[in-house]
Amino acid sequence: MIRFEFPKDFILGTATSAFQTEGSPYADGKGETVWDYMARTTPELFYENAKPEPGAWFYRNYEEDIREMKELGIKSFRLSISWARILPEGVGRVNQKGIDYYNRVIDLLTENGIEPFVDLYHWDLPLAIEELGGMKSREFVGWFGDYARICFESFGDRVKYWSTFNEPGVFCHQHYSKGEWYPFEKDLRGGYLAAHHVILAHYRAVKIYREMGLGGKIGAVVDLAAIYPLDPSGRDVLAARYQTERMGGWWLDPIFLGKYPELLLEGCPEIAEIMPEGYAEDLEREFAPVDMIGLNYYYPAIVRYDENDTYKSTEAKSYYAQEGQKFQLYPAGIYDVLMYLSERYNSPEIYISENGLGKVSGGDRDSELCDDERISYLREHLRMVVRAARAGANVKGYYYWSHFDSLESRSGYRLKFGLVHVDLKTGERTRKKSWYYYKKVIKDNCVD
Ligand code: NOJ
């Protein structure tokens, strides 16, 4: 029998984000974020008018939650800081109560032997920043840098794992080119302009972190599907390369190599045309290398060549699952993506910063608690992570998404990823069967 044992010192943890989990969106002087604003002004965009309140009640309940995390045995907890709790106006005035809250959370985690892995930005843009021009303004680089510096100064003595941005490809385009998130713009040029500023803001934060000499690790979190050609013998192979560059390379190349992917710049005239002037020089001048990368892996994508598509490729099969769950499942994809990153970017230190099963809730709590499917999901994906480590990927950790059932962006509260069930009315927590399974995996440092 094969033993799927993790390497020594492998980090098994869980992940969350502020706007999905904290709740209390107006507590203690927090400024409004684009999510609070959308929920207030366009509630119909959210499934069943879901609001950031209550999230998973974490803002109010973190003490009990961290005790529970200790029982689960996680070695690290991934959380994000809400920019608007620290700087309610996005810039300028610091809200001490926001700093105090994260200090309490970080202290309690470290006292309980749980390493905080902190994202500076997980989608909850302060509304004030959007009003100043948002990510399409070049000043975003400085605004983000100032915010990052405050976080490093306030928490950098205890936080040793930092990520700048979570899934930048998602938020830049959702805000500015797909038009699904405030300010609901549909302009490819805007999406790429924002993306360029986000990369420069990432470099800025990394540089500030280095200059401060705090001795931890810093990187970013990128989502990448396992992308395969429909027909592995023809032009679909090229389509898969295009898709991989579009989703991953657009971020990973600047993060690791200080440039955008040539394949897209040369092969996609529509993209090359809309790039801001001086973009290549910007990257060359500002480049700041990272210590590690976070990988969010959820699904496979099968693509075919399409001459008329901007990126020369179309999905041959939707990566959204049809019934009851969010994505198509393909555990071997996590192995393929880990090996791909290792080969392409010279064996970087990788953390699986997210991977998890989201099921549509039918309202039956008992069946949600008895989540055998989530157990199989975890087992199969974790086995693949062990295989990738054995095959030479420098993968150092895995964070299950999500610790709690929480707000799933515009899908509201009906998609549930948690190991811990949360009663939205009372905040009561109940451990799912998968919680007990993961606890054993952590204790044994081995998957069955
Ligand atoms: C990735 C995002 O980072 C997270 O916020 C989201 O909840 C999960 N995907 C699941 O869809």
Side-chain angles (χ1 to χ4, degrees), residues 13-23 25 33-36 38-39 46-47 50-52 55-56 58 77-83 117-125 161-175 178 180-181 198 202 219-226 247-248 251 293-301 318-321 324-330 333-334 337 351-361 371 373-374 377-378 381 397-422 434:
T14 54
T16 56
S17 83
F19 87 100
Q20 294 174 274
T21 308
E22 286 175 355
T33 69
V34 290
W35 290 94
D36 306 321
M38 282 192 284
F46 292 81
Y47 183 77
K51 304 262 183 281
F58 187 70
F77 177 59
R78 179 173 169 237
L79 71 158
S80 74
I81 293 179
S82 182
W83 185 341
F117 179 122
V118 173
D119 293 275
L120 290 168
Y121 186 83
H122 195 131
W123 301 1
D124 46 355
L125 189 68
Y161 292 83
W162 290 95
S163 138
T164 52
F165 290 98
N166 174 71
E167 298 197 352
V170 171
F171 66 75
C172 290
H173 290 287
Q174 290 289 21
H175 287 302
K178 292 192 177 155
E180 288 178 7
W181 299 355
V198 164
H202 159 83
V221 168
V222 172
D223 53 313
L224 185 54
M247 193 176 180
W251 305 99
I293 193 79
L295 168 69
N296 290 357
Y297 170 78
Y298 285 93
Y299 55 87
S318 171
Y319 56 77
Y320 284 107
Q325 71 200 25
K326 184 156 183 188
F327 299 121
Q328 302 280 356
L329 305 184
Y330 187 57
I334 204 169
V337 177
Y351 293 79
I352 301 290
S353 33
E354 281 182 37
N355 172 241
L357 178 66
K359 297 292 290 179
V360 171
S361 162
D371 56 345
E373 278 178 88
R374 185 162 289 110
Y377 180 100
L378 261 165
H381 284 81
Y398 173 97
Y399 292 79
Y400 177 78
W401 181 274
S402 172
H403 192 90
F404 310 100
D405 290 342
S406 59
L407 175 67
E408 181 58 21
S409 306
R410 283 178 43 176
S411 306
Y413 292 95
R414 76 167 174 160
L415 262 171
K416 301 194 184 267
F417 285 83
L419 300 176
V420 176
H421 178 278
V422 178
S434 55

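All heavy atoms count here, side chains included; hydrogens, waters and symmetry mates do not. Indexing begins at 1, ligand by ligand and atom by atom, following the structure's order. Here the structure is a predicted model, which is why all the values come from computation and not from measurement.
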Atom indices of ligand 1, in the order listed, that fall short of 4.0 Å to a heavy atom of Gln20: 4 (C), 5 (O), 6 (C), 7 (O)

Donor-acceptor contact below 3.5 Å, side chain Ser402 vs main chain Asp405: no

Starting from atom 2 (C) of ligand 1, which protein heavy atom do you reach first, and at what distance in Å? Glu354 OE1, 3.4 Å

Side-chain H-bond candidate by donor/acceptor type, Glu354 with Tyr298, under 3.5 Å: yes

Can you tell me how far CG of Leu415 sits from OH of Tyr47, rounded to the nearest 0.5 angstrom? 9.5 Å

Any ion pair linking Glu373 and Lys359 (charged N to carboxylate O, less than 4.0 Å)? yes

Residue Asn166 vicinity, atoms of ligand 1 by number, heavy atom under 4.0 Å: 3 (O)

Under 4.0 Å from a heavy atom of Phe417: which atoms of ligand 1 are those, numbered in the order shown and with their elements? 10 (C), 11 (O)

Taking both backbone and side-chain atoms of Trp123, is any N or O found less than 3.5 Å from an N or O belonging to ligand 1? no

For the residue pair Tyr399 and Phe117, is the inter-centroid distance of their aromatic rings smaller than 6.0 Å? yes

At a 4.0 Å threshold, what atoms of ligand 1 neighbour a non-hydrogen atom of Glu408? 6 (C), 7 (O), 10 (C), 11 (O)

Parallel, tilted or perpendicular: ring planes of Phe165 versus Phe171, cut at 30 and 60 degrees: tilted

Where ligand 1 meets His122 - atom numbers and elements under 4.0 angstrom, heavy-atom basis: 2 (C), 3 (O), 4 (C), 5 (O)

